Amino acid sequence: MDDLPPDSKLTRSKRRWAEEHKFADAAPPAGRERLPPGQHLVTNWPVLDLGQTPDIATARWRLELGGLVERPVTLDWAGFTALPETRSRSDIHCVTTWSRYDNDWTGVSTRDLLDLAQPRAEAQAVMLHGYDGYTTNVLLADFAAADSLVAHAWQGKPLTREHGGPARLVIPHLYFWKSAKWIRRIDLIARDTPGFWEVNGYHLRGDPWKAERYG
Ligand SMILES: Nc1nc2c(c(=O)[nH]1)N[C@H]1C(S)=C(S)[C@@H](COP(=O)(O)O)O[C@H]1N2
Ligand SMILES: [Mo]
């Protein structure tokens, strides 16, 4: 008795994770399996991109919100990080069949960004643009999901460049190709229009629970 070693760093982390789970909101809606069909779990975090890793110092980083909005906005890093901070835990589901549970994101919720820019009534969809030239489309309702955010940190640490740092979009309920890395511009548009992978055969919406992989 009483001769347990002092908590190792890992044990302390595990305790903290266990505590945080109490408050986590990662449970899928009732009646839906947590792991979507055809997916398998990984514990690493694979890197996928078009073969380019833009190097955007925060000093020259800008995020534009434009298109069908009342108030076009350009945020610099100071302006972006001064917005209310959102934390959200969610699972990643990549169309290449890997899923990764319990990712803790920190950033600015897409709803707060929309409040700033004020979409016009005609805006039904969003085209996301990355600094690497990548584009991907989502419906405005999907973009504005409660757990979607533009994230600058993952598991409490600044998002690495390979994973889209300084900041990337995260839309947990769609396949991860919709989560634009190195995000540069959020363009509100009237009609859902295919982006890079959608033109190349991916599904227009990409709901993992419906296995909407290819169009
Ligand atoms: N800007 C940009 N965002 C992107 C991509 C990309 O090539 N460029 N790839 C997408 C795809 S297909 C996936 S699966 C995820 C991969 O994110 P990760 O490298 O952090 O795992 O980013 C998505 N966002
Ligand atoms: Mo992907």
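Sequential numbering from 1 along the given sequence is applied to the chain's residues. Predicted model only: the values in this text are computed from it and were never measured.
Contact between Asp102 and Arg89 at its shortest, heavy atoms only, is OD1-CD, 3.4 Å. The two atoms that bring Arg205 and Leu139 nearest to each other are CD-CD1, 4.3 Å, heavy atoms only. The two atoms that bring Tyr175 and Pro208 nearest to each other are CZ-CA, 3.5 Å, heavy atoms only. Contact between Leu75 and Leu65 at its shortest, heavy atoms only, is CD1-CD1, 4.2 Å.
Environment of CZ in Arg71: sparse, with no more than 12 heavy atoms of neighbouring residues, nucleotides or ligands closer than 6.0 Å.
Here the rule is side-chain contact (heavy atoms from CB on, under 4.5 Å) with Ser148, and of Pro172, Ser109, Ser88 only Pro172 fits it. Of the listed residues (Asp187, Thr193, Leu204), just one forms a side-chain contact (heavy atoms from CB on, under 4.5 Å) with Asn137, and that residue is Leu204. Each of Thr86, Leu113, Leu128 was scored for a side-chain contact (heavy atoms from CB on, under 4.5 Å) with Val150, with one residue passing: Leu113.
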What side-chain donor-acceptor pairs closer than 3.5 Å can you find for residues 162-170, not counting sequence neighbours?
residue : atom : partner : partner atom : Å
Arg168  : NH1  : His163  : O            : 2.9
Arg168  : NH2  : Ser179  : O            : 3.0

Output a table of donor-acceptor pairs, distance under 3.5 Å, between side-chain atoms of residues 41-60 and any protein atom two or more places apart or on a different chain; print 'none' if there are none.
residue : atom : partner : partner atom : Å
Asp49   : OD1  : Gly51   : N            : 2.7
Arg60   : NH2  : Asp55   : O            : 3.1

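Put simply, the side chain of His152 reaches to within 4.5 Å of the side chain of Trp77, judged on heavy atoms. Side-chain contact check for Val69 versus Gln118: every heavy-atom pair is 4.5 Å or farther apart. Side-chain contact check for Glu85 versus Val108: every heavy-atom pair is 4.5 Å or farther apart.
A distance of 10.0 Å separates CD1 of Ile189 from CG of Leu140, quoted to the nearest 0.5 Å. Atoms CD and CG, on Glu122 and Leu68 in that order, are 5.5 Å from each other to the nearest 0.5 Å. In this structure, the separation between OG1 on Thr136 and CZ on Phe196 is 10.5 Å, given to the nearest 0.5 Å. The structure places CG of Leu188 at 6.5 Å from CG of Leu114, a figure rounded to the nearest 0.5 Å. Annotation: the span from Ile92 atom CD1 to Asn103 atom CG amounts to 3.5 Å, rounded to 0.5 Å. In this structure, Ile171 CD1 and Ser90 OG are separated by 11.0 Å, a value rounded to the nearest 0.5 Å.
For an aromatic pair to be called close, the ring centres must be under 6.0 Å apart, and Trp182 with Tyr131 fails this. Checked against a 6.0 Å centroid threshold, the rings of Phe80 and Trp61 count as neighbours.
With hydrogens and angles left out, the side-chain atoms of His173 and Asp142 include a donor and acceptor closer than 3.5 Å. Remark: the His93 side chain and the Ser99 side chain contain an N/O donor-acceptor pair separated by less than 3.5 Å. Looking at Trp177 and Glu198, their side chains do bring a donor and an acceptor atom within 3.5 Å of each other.
One finds no salt bridge joining Asp104 and Arg87 here, because no Lys/Arg side-chain nitrogen approaches an Asp/Glu carboxylate oxygen to under 4.0 Å. One finds no salt bridge joining Asp91 and Arg32 here, because no Lys/Arg side-chain nitrogen approaches an Asp/Glu carboxylate oxygen to under 4.0 Å.
Judged by distance alone, the side chain of Arg185 and the main-chain N or O of His129 form no donor-acceptor pair under 3.5 Å. Side-chain atoms of Thr97 never come within 3.5 Å of backbone atoms of Gln39 as a donor-acceptor pair (strictly under, hydrogens ignored). Using modelled atom types, no side-chain atom of Glu212 and backbone atom of His203 make a donor-acceptor pair closer than 3.5 Å.
For Arg62, there are no salt bridge (Lys or Arg N to Asp or Glu O under 4.0 Å) partners at least two apart in sequence or on another chain.
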